[in-house]
**Student:** 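Handing you this structure, nothing more for now.
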Amino acid sequence: QVQLVESGGGLVQPGGSLRLSCAASGRFFSINDMRWYRQAPGKERELVAAITRGGGTTYTDSVKGRFAISRDNAKNTVYLQMNSLKPEDTAVYYCYAEASITFAGSYPYWGQGTQVTVSS
C-alpha cells in the first residue's frame, strides 16, 4: 500500500556532497516519522537521522554537523543532505516511513536502498 523510492546515491570523493531523496506513494492517511538508515557490508543497519512530521530532527553522533534531514509533507518526500563525506559513510542507505493506513494505527515501511560510496 505504501512504496518508498530512494534516489541520489552514487560515487563521490571524500569531502564531497550528495543529496538523497525518498518519495512515498500509495494509499495512506498520513505519514508520521520518517528516517534514514544505512548498512555497511558485514554490519547491522543503523539509524542515521530521523524527522517528525512537525520537523523535529535527531542525528547519530557520527554525522552531526555534516548531514541534514528535511521533508516536504506536501510531496510526501524526505531528503538527506550529506556534506563533508568520509569513506566511513559508505553504505546502502535506506528510507523509512511510519504511515497510518487506517485509523487503528501506523506501520513501518522501507525503501529498497540506494548505494553511497565515498572513495578517492
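We're numbering straight along the sequence, starting at 1.
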**Student:** Rounded to the nearest 0.5 Å, what's the gap from CZ on Arg35 to OG1 on Thr52? Could you check?
**Tutor:**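 One gets 11.0 Å once the value is rounded to the nearest 0.5 Å.
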
**Student:** Examine Leu11 and Leu18 and state if one hydrophobic cluster contains both, with Ile, Leu, Val, Met, Phe, Trp and Tyr joined whenever side-chain heavy atoms are less than 4.5 Å apart.
**Tutor:**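 In one cluster with Leu11: Leu18, no.
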
**Student:** Any idea which heavy atoms bring Ala91 and Ala40 closest together, and the distance?
**Tutor:**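 So the minimum-distance heavy-atom pair works out to CB-N, 3.8 Å.
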
**Student:** Determine whether Tyr79 and Val48 fall in the same hydrophobic cluster, where Ile, Leu, Val, Met, Phe, Trp and Tyr are linked whenever their side-chain heavy atoms lie under 4.5 Å apart.
**Tutor:**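 Per the 4.5 Å side-chain linkage, Tyr79 and Val48 are not co-clustered.
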
**Student:** If every non-hydrogen atom of Leu20 is compared with every non-hydrogen atom of Gly9, which pair is closest and at what distance?
**Tutor:**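 Closest pair (atom of Leu20, atom of Gly9, distance): CD2-N, 3.6 Å.
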
**Student:** Is a salt bridge present between Lys86 and Asp89, judged by a nitrogen-to-oxygen distance below 4.0 Å?
**Tutor:**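 Looking at Asp89 together with Lys86, the answer is no, because their closest N to O distance does not fall below 4.0 Å.
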
**Student:** In Å and rounded to the nearest 0.5 Å, what is the OG to CD distance from Ser21 to Gln81?
**Tutor:**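 Result: 9.5 Å between the selected atoms.
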
**Student:** Write down the atom of Leu80, the atom of Ala49, and the distance for their closest heavy-atom approach.
**Tutor:**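 Residues Leu80 and Ala49, closest heavy atoms: CD1-CB, 4.2 Å.
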
**Student:** Measuring centre to centre across the rings, with the benzene-like ring taken for any Trp, is Tyr59 within less than 6.0 Å of Phe67?
**Tutor:**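 No, ring centres 6.0 Å or more apart.
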
**Student:** Run the numbers on Asn76 and Phe28 for side chain to side chain contact (heavy atoms under 4.5 Å, CB included), then give the verdict.
**Tutor:** CA-CA 11 Å; Asn76 294 317; Phe28 45 83; 3.7 Å; yes

**Student:** To check you understand the geometry: which heavy-atom pair defines the closest contact between Ile51 and Ser70, and what is its length?
**Tutor:**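 Residues Ile51 and Ser70, closest heavy atoms: CD1-CA, 3.8 Å.
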
**Student:** Can you name the salt bridge (charged side-chain N to carboxylate O under 4.0 Å, His left out) partners of Lys75, sequence neighbours left out?
**Tutor:**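 Listed in chain order: nothing, the list is empty.
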
**Student:** So do the side chains of Arg71 and Ile31 get within less than 4.5 Å of each other, counting heavy atoms only?
**Tutor:**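 Answer yes - side chains close enough.
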
**Student:** If every non-hydrogen atom of Ser120 is compared with every non-hydrogen atom of Pro14, which pair is closest and at what distance?
**Tutor:**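 In terms of heavy atoms, the two residues are closest at N-CD, 3.7 Å.
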
**Student:** Rounded at 0.5 Å granularity, tell me how far OG in Ser17 sits from CZ in Arg66.
**Tutor:**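 Reported value, rounded in 0.5 Å steps: 10.0 Å.
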
**Student:** Could you check whether any side-chain N or O of Glu6 sits under 3.5 Å from a backbone N or O of Gly113, counting only pairs where one atom can act as donor and the other as acceptor?
**Tutor:**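 Flag set: sc Glu6 to bb Gly113 pair under 3.5 Å.
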
**Student:** Determine the sole option in Met34, Gln1, Glu98, Gln3 for which the side-chain contact (heavy atoms from CB on, under 4.5 Å) test with Tyr109 is passed.
**Tutor:**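 One option only clears the test, and that one is Gln1.
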
**Student:** Without swapping roles, check the side chain of Thr90 against the backbone of Val118 for a donor-acceptor pair under 3.5 Å.
**Tutor:**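 Yes: the side chain of Thr90 pairs with the backbone of Val118.
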
**Student:** Who else is in the cluster with Tyr94 when I, L, V, M, F, W and Y are joined by side-chain contacts under 4.5 Å?
**Tutor:**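 Cluster partners of Tyr94: Tyr37, Leu47, Val92, Tyr96, Trp110.
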
**Student:** Looking at every non-hydrogen atom in both residues, tell me the closest pair between Leu4 and Cys95 and how far apart they are.
**Tutor:**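 Closest pair (atom of Leu4, atom of Cys95, distance): CD1-O, 3.8 Å.
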
**Student:** Please list all pairs passing the salt bridge (Lys or Arg N to Asp or Glu O under 4.0 Å) test where one or both residues lie in residues 39-58, with sequence neighbours left out.
**Tutor:**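 Pairs touching residues 39-58 that pass the test: Arg38-Glu46.
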
**Student:** With the 4.5 Å side-chain cut-off for hydrophobic clustering, are Val5 and Ile69 part of the same group?
**Tutor:**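 No; Ile69 is not reachable from Val5 via cluster members.
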
